[in-house]
Amino acid sequence: MLQANQYYKAILDIGSNSFHFVVYKIEKDNSFSVVLRKRIVYRLAQQKQDGKSFLSDLDFFQTEKIIHELKEIANSFSCTITATATSAVREAANHNEFLERLKQSTGISVEVLTGEMEAALIYKAVLYSEPAASLQNILCLDVGGGSTEFIVGSKGKIIFVESLKLGAVRLSSKYFPSGDLEKRSIKNCRSFIKKEIQHLIEKLFSVRIDFATGNSGTIYAVRNLAISNAAQLKIDPSNQTLLTKKEMDKSIKLLLTKYSVEERKTLPGVESDRADVLPAGALILQSIFTGLKLSALHLSDYSMREGKLLEILQNRES
């Protein structure tokens with residue numbers, strides 16, 4: 001039962017690979033806790049027309065259906081939903097029509113975030129969850145379905161941000177369209193990623209990184225792979241909030257020996273609905289580790305969704 005000055009708030013993140021829905025309980029002092037998390041896998045804008053991605057009639061129908069279901073959950077908590085969308089929606093040629101139809105049919109206005117807006121929310125969430133790190137130079141990574149965000153902050157201020165069109169779903173469609181792997185396609189994918197991040201590596205070469213953190217499905221999936229296969233890989237991933245380069249390299253090497261989607265589904269620690277796109281996401285993560293010479297990545301419990309909630313709470317105070 002809610003106490004005086006407590007209330008609920010729901011955040012919906014419409015990503016390229018899935019819909020993430022979280023209900024938070026907000027306290028009088030604006031602290032919060034998660035009371036419900038729900039992830040619905042549905043990949044938007046997989047079709048192309050005249051070289052551009054677009055949202056199909058099925059995308060419209062499924063998104064409306066999902067939002068109506070989530071509204072019922074929100075209503076059970078007597079709370080409203082704040083919805084955001086990222087690369088799949090913002091890059092779709094017909095995204096304005098999509099947003100207008102969702103508004104009319106569900107009553108929900110969806111805010112389309114730029115890559116830079118995503119990055120700012122991620123950094124806000126990391127600072128909240130790791131206050132001691134605010135005095136350091138922090139690198140925040142988010143490997144999504146359609147894009148990867150890089151944020152460097154120093155003393156609470158963002159000093160570098162870039163969003164690259166590198167994502168697990170995007171590169172899977174390009175290099176592993178059937179979901180199956182080949183040595184040549186793996187090599188080509190690695191080469192492409194290396195080329196795409198080279199300018200960023202050069203920019204960050206002179207920046208001291210004291211603390212590197214990440215929160216995304218891909219990062220957690222690689223971490224789960226390491227934990228679930230620790231004995232076979234001869235590693236000891238005892239720190240649950242850290243992914244070391246050794247753990248990552250060994251885990252990804254094992255993952256890439258499973259050439260078919262069905263083989264990967266049988267691998268301990270691999271979620272069946274991520275088995276087709278995990279190799280591409282893992283290659284992005286590994287290339288970043290290698291390029292930036294990272295020894296480890298701290299796993300943050302807070303992500304863009306918490307950043308959006310914090311933004312809402314801060315705006316209410318002002």
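Since this is a predicted model, take the numbers as computed values, not measurements.
Between the Asn215 side chain and the Tyr302 main chain, a donor and an acceptor come within less than 3.5 Å of each other. Judged by distance alone, the side chain of Lys52 and the main-chain N or O of Ala93 form no donor-acceptor pair under 3.5 Å.
There is a path of hydrophobic side-chain contacts, each under 4.5 Å, that joins Val126 to Ile151. Both Leu292 and Leu283 belong to a common hydrophobic cluster when Ile, Leu, Val, Met, Phe, Trp and Tyr are linked at side-chain heavy-atom distances under 4.5 angstrom. Residues Tyr175 and Val222 are members of one and the same hydrophobic cluster, defined by side-chain heavy-atom contacts under 4.5 angstrom among Ile, Leu, Val, Met, Phe, Trp and Tyr. Under the 4.5 Å side-chain heavy-atom criterion for Ile, Leu, Val, Met, Phe, Trp and Tyr, Leu299 and Ile209 are members of the same hydrophobic cluster.
Here Leu310 pairs with Phe32, Lys124, Tyr128, Gln314 under the side chain to side chain contact (heavy atoms under 4.5 Å, CB included) rule; sequence neighbours left out. Applying the ring pair (Phe, Tyr, Trp, His ring centres under 6.0 Å) criterion to Phe176, with sequence neighbours excluded, gives no partner residue.
With 3.5 Å as the limit, one finds no donor-acceptor pair spanning the side chains of His298 and Glu130. Side-chain atoms of Thr84 and Glu111 form no donor-acceptor pair, as typed in the model, at a separation below 3.5 Å. For the residue pair Ser260/Asp180, the side-chain donor-acceptor check at 3.5 Å is not satisfied. For Ser87 and Lys165, the side-chain atoms include no donor-acceptor pair closer than 3.5 Å. Side-chain polar atoms of Lys245 and Ser295 form no donor-acceptor pair below 3.5 angstrom. Remark: the Ser18 side chain and the His20 side chain contain an N/O donor-acceptor pair separated by less than 3.5 Å.
Shown here for Arg305 and Tyr24, the closest heavy-atom pair between the two residues is CB-OH, 3.7 Å.
Summarising the local packing, CG of Asp29 is surrounded by more than 12 heavy atoms from other residues, nucleotides or ligands at distances under 6.0 Å.
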Item to check | Lys308/Glu311 under salt bridge (charged side-chain N to carboxylate O under 4.0 Å, His left out): CA gap, chis, key distance, verdict | outcome: CA-CA 5 Å; Lys308 187 63 184 177; Glu311 181 183 79; 2.6 Å; yes

Item to check | Derivation of the salt bridge (charged side-chain N to carboxylate O under 4.0 Å, His left out) call for Glu91 and Arg170 | outcome: CA-CA 12 Å; Glu91 293 177 25; Arg170 188 190 297 271; 2.6 Å; yes

Item to check | Test log, rule side-chain contact (heavy atoms from CB on, under 4.5 Å), inputs Arg39 and Asp13 | outcome: CA-CA 10 Å; Arg39 174 174 172 256; Asp13 167 21; over 6 Å; no

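Relative to the ring axis of Phe160, Lys203 does not place its NZ or CZ within 45° and under 6.0 Å from the centre.
With Ile284 as reference, Ile193 is the one residue of Thr218, Leu141, Ile193 to meet the side-chain contact (heavy atoms from CB on, under 4.5 Å) rule.
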